[in-house]
Amino acid sequence: MLEFMPLVLFVVICLVLMAGYPVALSLAGTALAFAGLGLGLESLGIDAHFDAGYLGAFPNRLYGIMTNQTLLAVPLFVLMGVLLEKSKVAETLLEAMALLFGSLRGGLGISVTLVGMLLAASTGIVGATVVTMGLMSLPTMLKRGYSMPLATGTICATGTLGQIIPPSIALVLLGDVLSSAYQQAQLSMGIFSPKTVSVGDLFMGALIPGLVLVVFYIAYVAVIAWWKPSAAPAVDRRELMEELGHEGGLGLLLLKGLVPPIVLIVVVLGSILGGFATPTEASAVGAFGALMLALAYRRLDLATLKEVLRSTTHVTTMVFLILIGAALFSLVFRAYGGEELVTEVFEGMPGGVVGATLIVMLVIFLLGFILDFIEITFVVVPIVGPILLAMGLDPIWLGIMIAINLQTSFLTPPFGFALFYLRGVAPDSVPTSAIYRGVMPFIVLQLAMLLALAFFPGLATWLPDQF
């Protein structure tokens, strides 16, 4: 029984998190309790298979987290996204897109998809994007005669693009974890001058799959609009212009609402992909650019600035506390021999690396119902990542597969996080069943993307290989 203590630890962690306790404290507290149990059993002369020497590495882990330059991008990208959201730059962007495409059948759905893509590239947080799009676009879509399933499904699906469209916070965290896992895997194979994989590599790898998903979404909305026009009717542009209260014509609104945010995102992402800046440096440029946009639009007063800084601090402290708790959990898991146990399980699994990958993807998909991407990135990936990478998987491909897998689990009823976020801001007249029906086609599209990546890994690896 004691040799299976790592699995018991993992199950207990999941149960504690499902009970609703704070994530960071749950990770650290459960790990400390199991460490105390191991030390207590060893002191009684019972072999608990616990190596207390691993705990001595915790101060170094803590110092490494606090001095990690890559993780500095997290608060800056969060600041950039919250500034664009709170200063209503995103609202102006949606209005401009709606006026540009609204006169087409399905035009509002296409607008929501494109704005969701841009918001994903700026906020990188699923909850923020779904809530923002739900508040801004759902009432308009329903008022214009869009079917409830199509409207809610489009908003939920585009909101989850924050998982995969760079510069995504999920990719920043995943890239940092996979970088360590890749080096660990190579060292375990006797390679003492290991290659590295960076957050920028993961950004490049995510670009093509992310854009393909956007094309899938737009194509689906267009097909529905063609097949069933009443589900996605066209909007009179002049009427919409009057309703929104804009004067000066469509060209002025597009120049004001569309061009600046796109330029900002292109500069941030282009500087990373072009090798001119690291993700951390580009995040600083993005935060400064978002601040300048908010000032230029005259939507940044002292109260808004306080709210922006409070939200940024809240998200940042949450991420780092979870990372510290996950580091302690990882050390205790390894102290019980968890890494060796997982390696033995994977090596004895039928199907070899393919079977192991399928099982890991299924476990991550199911955990996505109860855990956020941060917990999965910090708890699960450090355990399975080095083993899968040592079996020959490409780290960039694995990272993109995990990101899209989590994106799909966030959409899947009845526990998908995106569904809860939209349910919280949707009018009472929108039944939960309509939200569930609406996301089903988008889940199929995301599964199709996962299959495409499985059979054509070059979708994720081709662009990084060019640089």
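All values below come from the heavy atoms of this structure, side chains included, with hydrogens, waters and symmetry mates left out.
Residues Q446 and L411 meet the side-chain proximity criterion, which asks for heavy atoms closer than 4.5 Å. For the pair L419/C156, a side-chain contact is recorded, criterion being any heavy-atom separation below 4.5 Å from C-beta on. Between P413 and M440 the shortest side-chain heavy-atom distance falls below 4.5 Å. Contact of the L150 side chain with the M141 side chain is not registered, since no non-hydrogen atoms from C-beta on lie closer than 4.5 Å. At a threshold of 4.5 Å between non-hydrogen side-chain atoms, the residues L138 and P427 count as touching. Proximity of P260 to M292: side-chain heavy atoms (C-beta onward) are nowhere separated by under 4.5 Å. D176 is not listed as a side-chain neighbour of V172, based on a closest heavy-atom distance of 4.5 Å or more.
In this structure, CZ on F77 lies 10.0 Å from CG on L171, to the nearest 0.5 angstrom. The line from CG of L83 to OG1 of T312 is 6.5 Å long, rounded to the nearest 0.5 Å. How far CD1 of I224 is from OH of Y146: 11.5 Å, rounded to the nearest 0.5 Å. Interatomic distance, CD1 of I364 versus CE of M401, reported as 10.0 Å (0.5 Å rounding). Here the straight-line distance linking atom CZ of F442 with atom OG1 of T152 works out to 9.0 Å at 0.5 Å rounding. Atom CG of residue L202 and atom CD1 of residue I402 lie 9.5 Å apart, to the nearest 0.5 angstrom.
The main-chain N or O of V308 is never found under 3.5 Å from a side-chain atom of S311 such that the two would form a donor-acceptor pair. Proximity of a side-chain donor or acceptor of S179 to a complementary backbone N or O of G175 within less than 3.5 Å is not detected. Between the Q163 side chain and the T160 main chain, no donor and acceptor come within less than 3.5 Å of each other. Side-chain N or O atoms of Y217 include none that pairs as donor or acceptor with a backbone N or O of L114 at under 3.5 Å. At least one donor-acceptor pair closer than 3.5 Å links the side chain of S409 to the backbone N or O of L406. A donor-acceptor contact shorter than 3.5 Å is absent between the side chain of T316 and the backbone of T313. A distance-only check finds no donor-acceptor pair linking the side chain of S330 to the backbone of A326 [under 3.5 Å]. In this structure a side-chain-to-backbone donor-acceptor pair under 3.5 Å is present from S271 to V268.
The side-chain contact (heavy atoms from CB on, under 4.5 Å) search around T357 returns V353, M361, L388, L393, W397, not counting sequence neighbours. In this structure P209 satisfies the side-chain contact (heavy atoms from CB on, under 4.5 Å) test together with I400, I404, M449, L453, sequence neighbours excluded.
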Trace of the side chain to side chain contact (heavy atoms under 4.5 Å, CB included) decision for L9 with F329: CA-CA 9 Å; L9 170 60; F329 166 81; 3.6 Å; yes
So L213 and Q407, side chain to side chain contact (heavy atoms under 4.5 Å, CB included) or not? Walk me through it. CA-CA 11 Å; L213 269 179; Q407 183 184 354; 3.7 Å; yes
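Sequence neighbours left out, the pairs with a member in residues 199-216 that pass side-chain hydrogen bond (donor to acceptor under 3.5 Å, both in side chains) are S198-D201.
A ring-centre distance under 6.0 Å is not found for F333 and F10.
Side-chain atoms of D301 and T304 form a donor-acceptor pair, as typed in the model, at a separation below 3.5 Å.
In F288, the CZ atom is not crowded: 12 or fewer heavy atoms of neighbouring residues, nucleotides or ligands sit closer than 6.0 Å.
When all heavy atoms are compared, the tightest approach of A287 to L79 is CB-CD2, 3.9 Å.
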